[in-house]
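So the structure is just underneath, and the comments pick up after that.
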Number of protein chains: 2
Amino acid sequence: MHTMRPLIHPSIEDITVEGILHALSDPVRAAIYAELAVSSGATCSNFLKISDRDIPKSTLSQHFRALREAGLIRSERQGVEMRNTTRCAEIEQRFPGLIISIMKAHQIQAAERLRSVKHKPNNKSRTG
Amino acid sequence: MHTMRPLIHPSIEDITVEGILHALSDPVRAAIYAELAVSSGATCSNFLKISDRDIPKSTLSQHFRALREAGLIRSERQGVEMRNTTRCAEIEQRFPGLIISIMKAHQIQAAERLRSVKHKPNNKSRTG
DNA sequence: TTCTATAGTTCATAAGTTACGAACTACCGG
DNA sequence: CCGGTAGTTCGTAACTTATGAACTATAGAA
């Protein structure tokens, strides 16, 4: 019978560049973070499907933990669910331009992938 | 009796943001990359010691491979040694500002660490 | 050519990390 | 109290990383 340990949010000075890069080097976590940056307050189960891929909820939970403990997001219980918000303002203070340029690079890459799928349609397209 | 497979340098369009972030999320690799960005052409064995830490040469070799295969550096044999240069100009073309802001963030963090060591001297200082 | 030295790579494996199903906790509305 | 929804933890299988030993590759000297 195990208890539920409290959520860990590192203080801004304990956040490391290595931690941020590692957390965002996973495509699922990068997608979650990018979405949170736009639609603040999203919950864990909003991401059970990410670009046609099903993510098991235990895996999702671990990804949220990784983002949280890297200092990238803040999670707060609100009733039965968990509201997640990015800590981008704080991180921008400490590491100016870092998060923005990473997100921009992810966007550029996503745009390129879209273009290459349009040009060679049987590349990576899922058949139903 | 195994042969030595040729060095792999991904073409610029095969470089991914995830790959770059993952490669630079390791402190040893980040230190190597930062040094290469300044003193171009450094060799593998120039890094057998990184900030008072000894790195075994097999480990170093793997770190160089990781940087190379992520597209961050180019390695060329020159006689008995290997000359390494960053591919930052190419990457800057594709993902503007990415590498620069990561390096800047690393600098900020290194500066902070230096300051905190000065203020509490027995914190992380090696005793000979 | 052969011998020696230096630089770096590969392989085997031990150590560490991550993914995910099953079982759980936490909270809300009856 | 029960039943439902949201998310966490645990165990373990799969994957990744670190490192010593043995290797390849090259240069220079004899």
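In what follows, chains are A, B, ... by sequence order, proteins preceding strands, each numbered from 1.
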Separation between NE2 of A/His9 and CD1 of A/Ile15, rounded to the nearest 0.5 Å
10.0 Å
By the 4.0 Å heavy-atom rule, please label A/Ser61 as base, sugar-phosphate, or nothing.
base
For B/Leu7, the other hydrophobic cluster members (4.5 Å side-chain criterion, sorted by chain and number) are B/Met82
Hey, could you give me the OG1/CD1 distance between A/Thr86 and A/Ile32, rounded to the nearest 0.5 Å?
13.5 Å
Which residues share a side chain to side chain donor-acceptor pair (under 3.5 Å) with B/Arg77, sequence neighbours left out:
none
Summary of side chain to side chain donor-acceptor pair (under 3.5 Å) pairs that have at least one residue in residues 27-42 of chain A, sequence neighbours excluded:
A/Arg29-A/His63, A/Glu35-A/Ser39
Can you name the residues that form a salt bridge (Lys or Arg N to Asp or Glu O under 4.0 Å) with A/Glu112, not counting sequence neighbours?
B/Arg94
Out of C/dG8, C/dT9, D/dT19, which nucleotide sits closest to the side chain of B/Leu7?
C/dT9
Could you identify which residues of residues 79-87 of chain A place a heavy atom less than 4.0 Å from some atom of DNA chain C, listed by residue number, or say none?
A/Gly79, A/Val80
Select one nucleotide: of D/dG7, C/dT9, C/dA7, the one nearest the side-chain heavy atoms of A/Lys57.
D/dG7
For A/Arg83, give me all partners under side chain to side chain donor-acceptor pair (under 3.5 Å), at least two apart in sequence or on another chain.
A/Glu81
Which residues share a ring-ring contact (aromatic ring centres under 6.0 Å, His included) with A/Phe47, sequence neighbours left out
A/Phe64
With side chain to side chain donor-acceptor pair (under 3.5 Å) as the rule and sequence neighbours excluded, what pairs involving residues 97-109 of chain A come up?
A/Ser101-B/Ser101, A/Gln109-B/Glu18
Out of D/dT19, D/dT9, D/dT8, whichever nucleotide has its closest atom nearest the side chain of A/Arg5
D/dT9
For residues 66-76 of chain A, the salt bridge (charged side-chain N to carboxylate O under 4.0 Å, His left out) pairs (sequence neighbours left out) are A/Arg5-A/Glu69, A/Arg65-A/Glu69, A/Arg74-A/Glu90
Within the supplied structure, the quantity of interest is the number of heavy atoms (other residues, nucleotides, ligands) at a distance under 6.0 Å from A/Glu13 CD; does it exceed 12?
yes
Determine: side-chain N/O of B/Thr59 to OP1/OP2 of D/dT19, distance under 4.0 Å, yes or no.
yes
Check against side chain to side chain contact (heavy atoms under 4.5 Å, CB included), A/Leu72 and A/Leu36
CA-CA 10 Å; A/Leu72 282 162; A/Leu36 286 178; over 6 Å; no
Which atoms of nucleotides 10-13 of chain D (N or O only) lie under 3.5 Å from a protein N or O atom, and what are those distances?
none

So if I take residues 35-42 of chain A and measure heavy-atom distances to DNA chain D, which residues fall below 4.0 Å?
none
Between protein and nucleotides 16-18 of chain C, what N or O pairs are separated by less than 3.5 Å?
{"unit_1": "C/dT18", "atom_1": "OP1", "unit_2": "A/His22", "atom_2": "NE2", "d": "3.2"}

